[in-house]
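Take a look at the structure set out below.
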Amino acid sequence: MPKKRSGGGLSATQQAAKFLGVSVLAGAVMAGIALPAAGALGLAAKGSVQGFDEIPDNLKSPSLSQRTTILDSQGGQIATVYSRDRTVVDLKDISPYMQKAIVAIEDSRFYQHGAVDMKGVLRALNQNAQNGGVAQGASTLTQQLVKNYFVEEAGDDPTKVAQATQQTLGRKIRELKYAIQLEEKLGKKKILENYLNITFFGEQAYGIEAAAQRYFSKPAKDLNLQESALLAGIVQSPSRYDPVNDEAEATKRRNTVLQRMAEVHDISQQEADAAKEKKLGLHVSQPKNGCITAAKGASFFCKYVEHVFLSDPVFGKTKEARAKIWNQGGLTIRTTLDPQSQESVQTSIKDHVYKSDKVAAAATLVEPGTGKILGMGQSKPYGYGKNETEYNFSVNYDMGGSNYGFPTGSTFKPFVAAAALEQGVPATKEYSSPNKMPYPSPVQTCGSKPWTNQANEQVPNESLSEVGPYRLKEAMAKSVNTYFVQMISDIGLCPVMNQIDKLGVVQGNGDKLPQVPSIALGAKGISPLTMATAYAAFASRGMYCTPIAIESITQKIDGTQKSLEVPKSTCSRAMSEKTADTINTLLSGVIDSGTGQQAGLTDRANAGKTGTTDERRNAWFVGYTPNLSGAVWVGSATQKVKMVSINIGGVYRDKVYGGQVPGPIWRDLMAGALTGKDSPSFNLVDIPDDNKGKDDGNNDDNNGNGNGNGNGNGNGNGNSTDGNTIAGQTDGGTFPTPSFSIPEGWIQGNTNSGNGNGGQRG
């Protein structure tokens, strides 16, 4: 009975016999003949050769997954993302020392043998028999390359990886046949190039270029002798010979490689001895994978780009097809992000709102006429720790947003005004605008059934001094609630719905806004990106352009670089030039003498609108110049913080207004983004003043009045507060008591109905 070693397993004699069987089989495979059917070995070999003949002759080199580089509009690197950190390089861009080192230690007869090295097999057989175990392998670089192909194809699937690396006779036979194919198809130099690009070198580095950068912060072409020897030695066991975690073991292994290079006459013994005396000389670069490492605070923009790629059909018909391309990598994505604008966004937000504050700020900049997103940032950094978040407050839910957008308050009123102007209502239109009034009823909708104020709900203005009549210019500057509710009653809801459709205005969950008169007061959640893009249409004299984040994409696969099609902005006329010019004139008045005076720029034409919602849970400023549009939101993503008696950015605020906190953020970020840029003018129109001199116009926004009934056909919609709609509230300190009871289950989160914007995620 065969003897076993004390540690268990086969004896040296048994292991030698087993290895001999595989070796003889390898010879048979090379010769393409069957062995004599003598004994168990012969039968096994015969069956294996038959299986060998049945293996398809169709091995294709896999396209290696590589890192993707995301750039700003000027070519500066924002971030790199990858499933495997790899940059494929040509053999000419790999140090000759590295080429010699890997061949010397892994397959010194690489250039003398075919796919299988029979001398190496016999040498390994003898060595392993003497050591009583597997002390030396016999796989050639070509065979190792084939195995790595299988591993690469397996990806991150543990089952497939196990199948690709299992030590079975069947896998070895398949590996042998494909190795023969590669030798015939590629030749030695290409095999060496592919091997160095696919091999894992530890520390998340796949391929020699990533390894050179990881351990020495230099390209593979610049590796010296001792650096090359170190990296070549890692391949056999990346964890055991990891120089970062075990310098002594890695040094010993490096010196083994150097000695082997001397033995095969790649270098002299003197060169080897001198190199052995050198220190490892590590200059480690930490892995920088993913948008969390993005420069200039552009992590959220980086993730937005990823969401665009994975969701836009231009990159593939199915989600799976798009994900495959993204994970394949090798992409160079040039984005629309303007580094000057991005830096200004982050600086301004940081100066005004601390990441540790109870509330957050988010801002987005868009270029009128092109839809290009030039800047995007927020006060809570990208991350998973305290005062960090992975949610992007600037975008819709499906693009990584934290919830369903945020109630916009009076920043919605310009859309109502634009709809009225498009219907022929004059800019001098006057409404009685009482301090408080019932919602008008009935109000025509886009359907056959009008909206009616079934519960006789009221809408008040901000202060008792706001009593009409008012004309549009003064009503916009003072943000008079009752004026815009009367305007909607006059023109009906359908023109407003048609106008916001043309401006791409939807709720943060992608749904259309409900047809209720309180739409004028900004009760529904909308994202800053949507608001900035819509206001950009005013700046471009009525041309709305869908937002875009990607300028161009190239992909390098197997040494071939190609351009990919990217989404294009679609521009269309959303309103007449006259209407846009009139809105620009009106919103210039908001900054000159209205609620947005603290936000105004002094050196160029600019316009904008403030917004504050129920119980001051949200504050906005959305504004623009002829060549840049920006939206700033301040509030709590959970909608649970009332911005009264609160510290924001180290400053105590008794009450937060849209013009008071978001306004200065907008002013500073716009000033920085536009420094050195052209300063064009608006095409302003003459709107006669209404010189009744009622007050100084310094009251802020008046929003969030009325209450919804959950079906869009009943009473007006109040602004939501952490999933609740507060009936009849204003921006002031007086909140009328609701005259109705809210039915159980009425508040169900964000829907197309008349209820508030609940169900938010933080």
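Note that the coordinates shown come from a computational prediction; the quantities given were computed from them, not determined experimentally.
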Smallest separation among heavy atoms of Ala631 and Pro528, with atom names = CB-O, 3.4 Å

Residues Asn387 and Ser356: side-chain donor-acceptor under 3.5 angstrom | no

Would you indicate whether the side-chain heavy atoms of His352 and Val661 approach each other to under 4.5 Å?
-> no

Is there a side-chain contact between Leu145 and Leu141 (heavy atoms, below 4.5 Å)?
-> no

Write down the atom of Trp326, the atom of Leu331, and the distance for their closest heavy-atom approach.
-> CE3-CD1, 4.2 Å

Value rounded to 0.5 Å, distance of CG in Leu196 from CD1 in Ile191 = 12.0 Å

For the pair Ser569 (side chain) and Thr546 (backbone), establish whether a donor and an acceptor sit closer than 3.5 Å, ignoring hydrogens and angles.
-> yes

Does CD in Glu247 sit with more than 12 non-hydrogen atoms of other residues, nucleotides or ligands closer than 6.0 Å?
-> no

Is the backbone N or O of Val89 less than 3.5 Å from a side-chain atom of Asn197, with the two atoms forming a donor-acceptor pair by type?
-> yes

Minimum side-chain heavy-atom gap Val395-Tyr397 below 4.5 Å | no

So does Lys278 have more than 12 non-hydrogen atoms from other groups sitting under 6.0 Å from NZ?
-> no

Close side-chain approach of Phe621 to Val634, heavy-atom, < 4.5 Å | no

State, to 0.1 Å, how close Asn224 and Tyr97 come at their nearest heavy-atom pair, and which atoms those are.
-> C-CD1, 3.8 Å

When you measure from the side chain of Gln66 to the backbone N and O of Lys556, does any donor-acceptor pair fall under 3.5 Å?
-> yes

Is the backbone N or O of Leu71 less than 3.5 Å from a side-chain atom of Thr335, with the two atoms forming a donor-acceptor pair by type?
-> yes

Could you check if a side-chain atom of Asn392 sits within less than 4.5 angstrom of a side-chain atom of Met399, using non-hydrogen atoms only?
-> no

Go through the side-chain N and O atoms of Asn396 and Asp398 and say whether any donor and acceptor fall under 3.5 Å apart.
-> no

Would you indicate whether Gln213, at its atom CD, is surrounded by more than 12 heavy atoms from other residues, nucleotides or ligands within a distance under 6.0 Å?
-> yes

How many angstroms lie between SG in Cys291 and OH in Tyr304, if you round to the nearest 0.5 Å?
-> 13.5 Å

Closest heavy-atom pair and its distance - Ala250, Pro243 | CB-CA, 3.5 Å

Only distances under 3.5 Å count here; give the side-chain donor-acceptor pairs of residues 672-681 to other protein atoms, sequence neighbours excluded, each with its distance to 0.1 Å.
| unit_1 | atom_1 | unit_2 | atom_2 | d |
| --- | --- | --- | --- | --- |
| Thr675 | OG1 | Ala671 | O | 2.8 |
| Lys677 | NZ | Ala673 | O | 3.3 |

Any donor-acceptor N/O pair, Gln378 side chain to Ala363 backbone, under 3.5 Å | no

Does one side chain, of Gln144 or Tyr195, offer a donor that lies under 3.5 Å from an acceptor on the other?
-> yes

Could you tell me the separation between the CG atom of Leu64 and the CG atom of Asn194, rounded to the nearest 0.5 Å?
-> 7.0 Å

Taking every non-hydrogen atom, the tightest pair across Ala275 and Leu225 | CB-CD2, 4.0 Å

For Glu551 and Arg334, indicate whether the former's side chain and the latter's backbone hold a donor-acceptor pair under 3.5 Å.
-> no

Hey, does the side chain of Ser348 reach the backbone of Ile665 with a donor-acceptor pair shorter than 3.5 angstrom?
-> yes

Do we see a donor-acceptor contact under 3.5 Å between the side chains of Asn584 and Tyr624?
-> yes

Would you say Thr80's side chain and Lys288's backbone share a donor-acceptor pair under 3.5 angstrom?
-> yes

Would you check if Asp581 and Arg541 make a side-chain contact, meaning some heavy-atom pair closer than 4.5 Å?
-> yes

Main-chain N/O of Leu337 paired with Asp72 side-chain donor or acceptor, under 3.5 Å = no

Could you give the distance from OG (Ser65) to NZ (Lys324), rounded to the nearest 0.5 Å?
-> 12.5 Å

For the residue pair Ala532 and Val366, what are the closest heavy atoms and their distance?
-> CB-CG2, 4.0 Å

Would a distance-only check, ignoring hydrogens and angles, find a side-chain to backbone donor-acceptor pair under 3.5 Å from Ser540 to Met543?
-> yes

Nearest 0.5 Å, what's the CG-OG distance between Asp668 and Ser344?
-> 7.5 Å

side-chain contact (heavy atoms from CB on, under 4.5 Å) between Lys502 and Phe415, worked out | CA-CA 10 Å; Lys502 293 178 181 179; Phe415 304 146; over 6 Å; no

Name all residues meeting the ring pair (Phe, Tyr, Trp, His ring centres under 6.0 Å) criterion together with Phe538; count only those two or more places apart in sequence or in a different chain, and write none if there are none.
-> Tyr535

Do Asp93 and Lys221 pass the salt bridge (charged side-chain N to carboxylate O under 4.0 Å, His left out) test, and can you show the C-alpha distance, the side-chain angles, and the key distance before you say yes or no?
-> CA-CA 5 Å; Asp93 293 321; Lys221 65 180 180 180; 5.4 Å; no

Taking only distance into account, with no hydrogens and no angle test, what donor-acceptor pairs under 3.5 Å do side-chain atoms of residues 309-321 form with protein atoms, sequence neighbours excluded?
| unit_1 | atom_1 | unit_2 | atom_2 | d |
| --- | --- | --- | --- | --- |
| Ser311 | OG | His307 | O | 2.7 |
| Ser311 | OG | Val308 | O | 3.4 |
| Asp312 | OD1 | Val314 | N | 2.9 |
| Thr318 | OG1 | Ala321 | N | 3.0 |

Rounded distance [0.5 Å steps], OG1 in Thr336 versus CZ in Phe301 | 4.0 Å

Decide yes or no for Gln346 and Gln342: does some side-chain heavy atom of the first lie under 4.5 Å from some side-chain heavy atom of the second?
-> yes

